[in-house]
Trainee: 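Handing you this structure, nothing more for now.
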Amino acid sequence: MALLHWLVDIVLHLDKHLVELVAAYGLLVYVILFAIVFAETGFVITPFLPGDSLLFAAGALAAVDTSGTLSAPLLSLLLAVAAIAGNTTNYHIGRWIGPPAFSGRYRFLKVEYLRRTEAFFDKHGALTIVLSRFVPIIRTCAPFVAGVGRMPYARFQAYNIGGGLAWVLAFTWAGYFFGNIPFIRNNFGFVTIGIVVLSTLPVAWAALRR
């Protein structure tokens, strides 16, 4: 319950928490934001961390930060590096864990599943890596599964870089240009929820069709 309360508070008041972080830590806020984006994309166990909404809020704050601490171009660069490095780490974890996990010792992890994963990423891998950036949870799982399925590293990395840049630039600069419109600024918590809901619609639609 404590974790749920914390997550709800983060979602509803993300803009205020960012202001507090900048006030308390100054330039160290770049390190904090880098770590959050890296962890959200780099570890399968941390998909609950803010992603889209964090980028949007950071961009919005950079547009009105009179202290000069936050720079939108620098934010874009650092967080893009964090997103790309996170996916790369997640890929390597999947590649390392995959063979032992699917060795046949665990009944619920069948080799057949691994073969299906390999075939899927061989056919749809590139598109999956790019589009998954814009879908919570899937964003965290896709690079791990790509590693388990042994998607060719060069191919993975090419689309990882493209997808990471597109994701960070899209949400950071959307926040920069639109995050301080009075209606959005005054209803930031609901806007954050809206971003999460819209991001998960493709998954919900696919589940309903299935």
Side-chain angles (χ1 to χ4, degrees), residues 14 30 32-60 62 71-98 114 116-179 192 194-207:
L14 185 55
Y30 285 106
I32 296 171
L33 294 176
F34 185 99
I36 293 173
V37 172
F38 176 86
E40 198 260 351
T41 59
F43 306 112
V44 178
I45 60 174
T46 52
F48 55 84
L49 291 173
D52 305 336
S53 54
L54 178 68
L55 298 176
F56 187 88
S71 162
L74 183 55
L75 266 176
S76 300
L77 175 62
L78 288 179
L79 298 185
V81 171
I84 293 167
N87 257 25
T88 301
T89 301
N90 213 345
Y91 172 90
H92 284 298
I93 293 174
R95 196 173 179 89
W96 175 62
I97 289 179
L114 179 60
R116 289 180 183 176
T117 303
E118 291 172 341
F120 177 84
F121 270 90
D122 184 53
K123 185 176 181 180
H124 305 289
L127 186 62
T128 301
I129 294 301
V130 173
L131 295 182
S132 68
R133 285 289 191 178
F134 297 87
V135 185
I137 301 178
I138 303 299
R139 170 171 57 244
T140 305
C141 296
F144 177 82
V145 176
V148 172
R150 295 188 171 272
M151 180 180 179
Y153 182 72
R155 188 180 183 212
F156 166 81
Q157 202 58 267
Y159 289 96
N160 173 34
I161 293 172
L165 287 171
W167 177 56
V168 171
L169 292 176
F171 280 97
T172 301
W173 288 98
Y176 185 88
F177 289 114
F178 304 110
T192 301
I195 291 173
V196 174
V197 171
L198 287 174
S199 299
T200 54
L201 278 180
V203 177
W205 174 248

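Predicted model only: the values in this text are computed from it and were never measured.
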Trainee: Of all the heavy-atom pairs spanning Pro143 and Asn90, show the shortest one and how long it is.
Mentor: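 Closest heavy-atom pair between Pro143 and Asn90: CG-ND2, 3.6 Å.
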Trainee: Within this structure, what is the OH-CG distance for the pair Tyr159 and Leu131, rounded to the nearest 0.5 Å?
Mentor: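 Rounded to the nearest 0.5 Å, the OH-CG separation comes out at 11.5 Å.
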Trainee: Is there a side-chain contact between Glu40 and Leu54, using heavy atoms and a 4.5 Å cut-off?
Mentor: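 Side chain of Glu40 against side chain of Leu54, heavy atoms only: no contact under 4.5 Å found.
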Trainee: Could you check whether Phe43 and Phe38 have their ring centres less than 6.0 Å apart?
Mentor: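 Ring-ring flag for Phe38/Phe43: true, centres closer than 6.0 Å.
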Trainee: Please report the shortest heavy-atom distance between Ala142 and Ser132, naming the atom on each side.
Mentor: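 Distance-wise, the nearest heavy atoms are CB-OG, 3.5 Å.
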Trainee: Which residue pairs satisfy the salt bridge (charged side-chain N to carboxylate O under 4.0 Å, His left out) criterion with at least one member in residues 74-92, sequence neighbours excluded?
Mentor: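 Not a single pair qualifies under salt bridge (charged side-chain N to carboxylate O under 4.0 Å, His left out).
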Trainee: Got a sec, which residues hit ring pair (Phe, Tyr, Trp, His ring centres under 6.0 Å) with Tyr91, two or more places apart in sequence or on another chain?
Mentor: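 With sequence neighbours excluded, Tyr91 shows a ring pair (Phe, Tyr, Trp, His ring centres under 6.0 Å) to Tyr153, Phe156, given in chain and number order.
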Trainee: Roughly how far, to the nearest 0.5 Å, is CG of Asn160 from CZ of Arg155?
Mentor: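 Going from CZ on Arg155 over to CG on Asn160, the span is 13.5 Å.
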Trainee: With a 3.5 Å cut-off and sequence neighbours excluded, list the donor-acceptor pairs that the side chains of residues 161-179 form with protein atoms.
Mentor:
unit_1: Trp167; atom_1: NE1; unit_2: Asp52; atom_2: OD1; d: 2.6
unit_1: Trp167; atom_1: NE1; unit_2: Arg133; atom_2: O; d: 3.2
unit_1: Thr172; atom_1: OG1; unit_2: Val168; atom_2: O; d: 2.8
unit_1: Trp173; atom_1: NE1; unit_2: Ser76; atom_2: OG; d: 2.9

Trainee: Counting N and O atoms only, with roles assigned by atom type, does the side chain of Thr46 sit under 3.5 Å from a partner on the main chain of Ala39, one being a donor and the other an acceptor?
Mentor: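 Yes; judged by distance alone, with no hydrogens or angles, the pair exists.
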Trainee: Give, for atom CZ of Arg139 and atom OG1 of Thr41, the distance between the pair rounded to the nearest 0.5 Å.
Mentor: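 With rounding to 0.5 Å, CZ (Arg139) is 8.5 Å from OG1 (Thr41).
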Trainee: So do Leu78 and Leu33 actually touch side chain to side chain, heavy atoms under 4.5 Å?
Mentor: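 No, their side chains stay 4.5 Å or more apart.
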Trainee: Taking C-beta and beyond as the side chain, do Tyr30 and Leu79 meet within less than 4.5 Å on heavy atoms?
Mentor: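 No, their side chains stay 4.5 Å or more apart.
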Trainee: Is the shortest side-chain heavy-atom distance between Ile97 and Val148 below 4.5 Å?
Mentor: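 Contact flag for Ile97/Val148 side chains = no.
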